[in-house]
Structure formats: structure tokens, C-alpha cells
Amino acid sequence: MPDRVDCGKFLKQCPIPVYRLQMDKETEEPPYLDIGVSRLYDTHKDPGQQNPLTDKELEEKMCLALAKQMELHDAPGEQYERLGLEPYQMKNHI
């Protein structure tokens with residue numbers, strides 16, 4: 001796994017080097033759970049997060065909101081890819 005780990009100044013808001021780990025669905029070590037799987041919960045009705053919501057309209061709204069916050073905080077492009085938010089990345093240019 002060392003060939004999948006990078007250290008550098010990848011975050012504009014962080015003056016110190018951070019690690020960047022390449023992860024994919026075939027990774028055998030944590031954190032590999034749920035890559036590419038949508039997980040949206042109503043934490044008031046389902047605090048144990050046992051039953052994911054399947055409301056596509058709500059999921060779209062949350063994806064847009066998350067992408068907007070990621071852009072405001074200069075999230076690296078890899079995060080959009082990891083979270084499946086590439087389609088939303090261009091919609092939020094400020």
C-alpha cells in the first residue's frame with residue numbers, strides 16, 4: 001500500500017503536509033466500506049442509521065449542498081470523485 005500513499009500540501013487551507021490515500025472498491029484494508037454506495041439517513045427517526053433513505057430528490061439536494069460546501073472549502077478534486085460528486089463540481093463555481 002505505500003505506493004498508494006502520498007504526503008504533501010494538498011489542502012489550500014492547511015499549511016502543513018497531509019497524507020493522501022488512494023482508495024478503491026478492491027482495497028482490502030479499511031477504510032474501504034461503502035465506496036460508491038449512497039448513504040443518506042434521517043438521523044432523527046433513525047439515529048442508529050439502519051435504514052438508508054431512497055428519496056432521489058432529497059439525495060440530489062444533499063449532493064448539491066455538499067458539493068457547494070466542498071467548493072467553498074477548496075476540497076481536492078479527488079474528493080468529488082471518491083464521493084461520486086463529479087457531476088455537481090461544475091455547478092457550484094463561485
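Being a predicted model, the structure only gives us computed values, none of them experimental. For the single chain, residues carry numbers from 1 onward in sequence order.
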E71/Y80 under side-chain contact (heavy atoms from CB on, under 4.5 Å): CA gap, chis, key distance, verdict: CA-CA 10 Å; E71 198 153 319; Y80 291 91; 3.5 Å; yes

Atom of Y41, atom of Q49 and distance for their closest heavy-atom approach: CE2-O, 3.3 Å

Same cluster (ILVMFWY, side-chain, under 4.5 Å), L53 and L66: no

NZ on K56 to CG on L58, rounded to 0.5 Å: 11.0 Å

Heavy-atom side-chain proximity of L83 to M70 below 4.5 angstrom: yes

side-chain contact (heavy atoms from CB on, under 4.5 Å) assessment of L85 paired with Q79: CA-CA 8 Å; L85 296 174; Q79 281 294 74; over 6 Å; no

Polar side-chain atom of D46 near backbone of Q50 as donor-acceptor pair, under 3.5 Å: yes

Spacing of K68 atom NZ and Y88 atom OH [to the nearest 0.5 Å]: 15.5 Å

Distance, nearest 0.5 Å, that separates OG1 of T54 from CG of L40: 9.5 Å

Heavy-atom pair of closest approach, residues Q89 and G77: NE2-CA, 4.2 Å

